[in-house]
Protein chains: 2
Amino acid sequence: MTTQSESAAIRGAHTVTMSDVAQQAGVSSATVSRVLNGNYPVAQSTRDAVKRAIDDLGYTANAHARALASSSTHSVGIIVNDLVDPFFSYIVRGVEQEAATTGRLCIVAASQGDVDREIELIDRMISQRTDAVIVVGGGYDDASARRRMAERARTLAGIGSALVLCGRPSVGENVPTKIVGYDNEGGAFAVTEHLISQGHRRIVYLGGPVGLSTSVARLAGYRRAMQSHGFEVTPELVRQGAFGRRFGHAAMSELLDARLDVTAVFAANDLVAAGALDAMTAQGVRVPEDISLVGYDDIPQSSELTPKLTTVHVPLEDMGRESVRLALSRTDDAFGRHADGEIIVGTRLIVRESVAAPAAVPWGHR
Amino acid sequence: MTTQSESAAIRGAHTVTMSDVAQQAGVSSATVSRVLNGNYPVAQSTRDAVKRAIDDLGYTANAHARALASSSTHSVGIIVNDLVDPFFSYIVRGVEQEAATTGRLCIVAASQGDVDREIELIDRMISQRTDAVIVVGGGYDDASARRRMAERARTLAGIGSALVLCGRPSVGENVPTKIVGYDNEGGAFAVTEHLISQGHRRIVYLGGPVGLSTSVARLAGYRRAMQSHGFEVTPELVRQGAFGRRFGHAAMSELLDARLDVTAVFAANDLVAAGALDAMTAQGVRVPEDISLVGYDDIPQSSELTPKLTTVHVPLEDMGRESVRLALSRTDDAFGRHADGEIIVGTRLIVRESVAAPAAVPWGHR
DNA sequence: CTGAAAGCGCTAACAG
DNA sequence: CTGTTAGCGCTTTCAG
């Protein structure tokens, strides 16, 4: 048997191309293309000969030549802030899965939350002519960024691809984007309501970058719930900053040191909650006996904290999958114009162990 | 000002190509290519004209055409088991970072631990002609898989790319692969020694798929440490299975239910340790007072457990970075033959809070 | 410094 | 069913 490596060695370092295969099989390259793509009738005998030649030569089609000659590149692009943050990695997992299911490869890039970098990465994806470019996570209310994003959206729509905003608000009317979102305001409202229903009224909102759409919306939901019950949201009750564990820890420590009179904490996401929990545990504050705590996102780790975290579930992986499905579904109308597509996934309160009725005497005031 | 979108609208849906730009700028496409690549002298005025045309037209180079005509594709491929497992996601982060630094994009794919799927994905990466294909994580001692892997390694080397095995042993002598590894056996030996030095002698080895190179090596290190002290490793002391949190929980619960006489647990990785810790906490077993616990990998979450986990540090992100560096460093000799490259990163014991001297009376025997 | 022209490897009509 | 023939959009000699 002639193995791939042997023949490669015999033939030298020249890359094996389709016409090599054609020649070896005694057919034309068109025929090789046909058996490869299986989208056209080819005699069984010819097919076999071609397959044998492919094997013997160790031929692997050049995806670039293919992309150039045909249309689809069989790839999707995804841009996230950070690949190790569970929020993003679960979404990436969903995207990769759905891409694989549809025979596509997945190009991922991390923007580190830098807007310019993000645009730059979108441009690189455009260069790659990916079948979709998925941008994940909240954005800032920045007119320039929005305008540049809109330009890319148009370019992508123009080449038959699509820009999908996953967990990010629209960048403007009449901009051809697809959106996969979830209800940040509503979820925040619900979880705050839950706290209030347990008797809390001095609730602090902790974390989330100032101005980031996601955290703006969560804060709004919190505010609406508080106000609908006539509870005042004093400035000291709102502690924004970042979405990480570290911030949660630092901000909570500070809060505790200040002996602020609060009975519950709404952390802007689960990571912040985890950090806050650490800080409380370190200072001997019991959750939920002394202070109740809730988070947002329901990343799997949340149910592994002690106590298990009450939070708002967001179907991250599904959002990833939906993003590619939506992008791939052609929504052009009869005139070839690109219509908008939008999916809002459901969000729901997950009650676990981190909430209880407020302590008779608040922590730090005994 | 003529915006990109306006002119795109005027021009219709035809993708903007280089010759469009050339025409608009009144030069040849060769010139456009030159200013784009900046690797050849072009008059300043011409350069400006071209740039303006590019802007006006909203031109974005087609990466596939470029890859086809030139050589480098400016991309690297990486294959992991699972994108949300911190072990893998940190490595991916390192790869993405280094790729970005060298102006490359990163194609990622998940094999879900399936060998055939892994080979299939390598083939797709070969199709993409990525500058490197990085396969991450332990492998099974499977001759067929190794042979197929070796074939791919040769193919890749033949087209000027490279197969790098990150955290996986060599697939054979004279196979042109690059290796980025770390000392599993040594780290396991060290952490087991640590336990022994604290007075433990009934230590259970928990987790890790049977036969997976990584876990085989860790188990070997554990055995060597035990045996060097004359402690017998009875079969009941070795509980293999998987690398996940769920397995850790299940196996530890079982162990506890069996009232097995052990004073310490060496979890095959931190996820298993986290699961085991959960199980112990649930049953009222205190760590480390009743039973000591150690893990492996030192994923960041390890220091966020209660108690903080004593474990073996593995520089995951660095390994990712090194993988692409190594792959990109040409190590061809004068005859154009591809030489092997290998990096073994350091591993070190991280002592935290999960180990103490054994209890006078073992848990479950009071 | 710039243009013309020959591919890179493949797909997709268009003829047989 | 199969071969011929154009390109896809770019890079890269080779000539000016």
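Lettering of chains follows the sequences in order, A, B, ..., and the numbering in each one begins at 1. Source: prediction; values computed, not measured.
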Please work out if [X] contacts a base, only the sugar-phosphate, or nothing of the nucleic acid, heavy-atom cut-off 4.0 Å.
{"X": "Val32(B)", "answer": "nothing"}
{"X": "Ala43(B)", "answer": "sugar-phosphate"}
{"X": "Ala67(B)", "answer": "nothing"}

Using the closest heavy atom to pick a nucleotide of DNA chain D for each, name whichever of Ala63(B) or Arg34(B) lands nearer the 5' end.
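On the 5' side of the pair lies Ala63(B).
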On DNA chain D, compare the nucleotides closest to Ser45(A) and Ala61(B); which residue's is nearer the 5' end?
Ser45(A)
Without swapping roles, check the side chain of [X] against the backbone of [Y] for a donor-acceptor pair under 3.5 Å.
{"X": "Lys178(A)", "Y": "Leu326(A)", "value": "yes"}
{"X": "Asn37(A)", "Y": "Arg34(A)", "value": "no"}
{"X": "Ser33(A)", "Y": "Ser29(A)", "value": "no"}

OG1-CG distance between Thr17(B) and Leu57(B), expressed to the nearest 0.5 angstrom:
9.0 Å
Does a nitrogen or oxygen in the side chain of Thr31(B) sit under 4.0 Å from OP1 or OP2 of dG3(C)?
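So the side chain of Thr31(B) is within the cut-off, an N or O lying under 4.0 Å from OP1 or OP2 of dG3(C).
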Under 4.0 Å: is that the gap between some side-chain N or O of Ser28(B) and OP1 or OP2 of dG3(C)?
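Result: yes.
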Five-pair end axes of the helix from dC1(C)-dG16(D) to dG16(C)-dC1(D), angle between them (10°):
30°
What I want to find out is whether Glu118(B) reaches Arg168(B) closely enough, with some N-O distance under 4.0 Å, to be called a salt bridge.
yes
Take the protein atom [atom1] of [X] and the nucleotide atom [atom2] of [N], then report the distance between them rounded to whole Å.
{"X": "Leu68(A)", "N": "dT11(C)", "atom1": "CG", "atom2": "P", "value": "11 Å"}
{"X": "Gln128(A)", "N": "dG9(D)", "atom1": "CD", "atom2": "P", "value": "16 Å"}
{"X": "Arg66(B)", "N": "dT11(D)", "atom1": "CZ", "atom2": "P", "value": "5 Å"}
{"X": "His64(B)", "N": "dT11(D)", "atom1": "NE2", "atom2": "P", "value": "14 Å"}

In terms of side-chain heavy atoms, does Arg117(A) have a donor or acceptor partner in Gln112(A) at a distance below 3.5 Å?
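Per modelled atom types, Arg117(A) and Gln112(A) side chains form no pair under 3.5 Å.
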Nucleotide nearest Thr46(A) (side chain, heavy atoms from C-beta), chosen from dG9(C), dC1(D), dG7(C):
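The nucleotide sitting nearest to the side chain is dC1(D).
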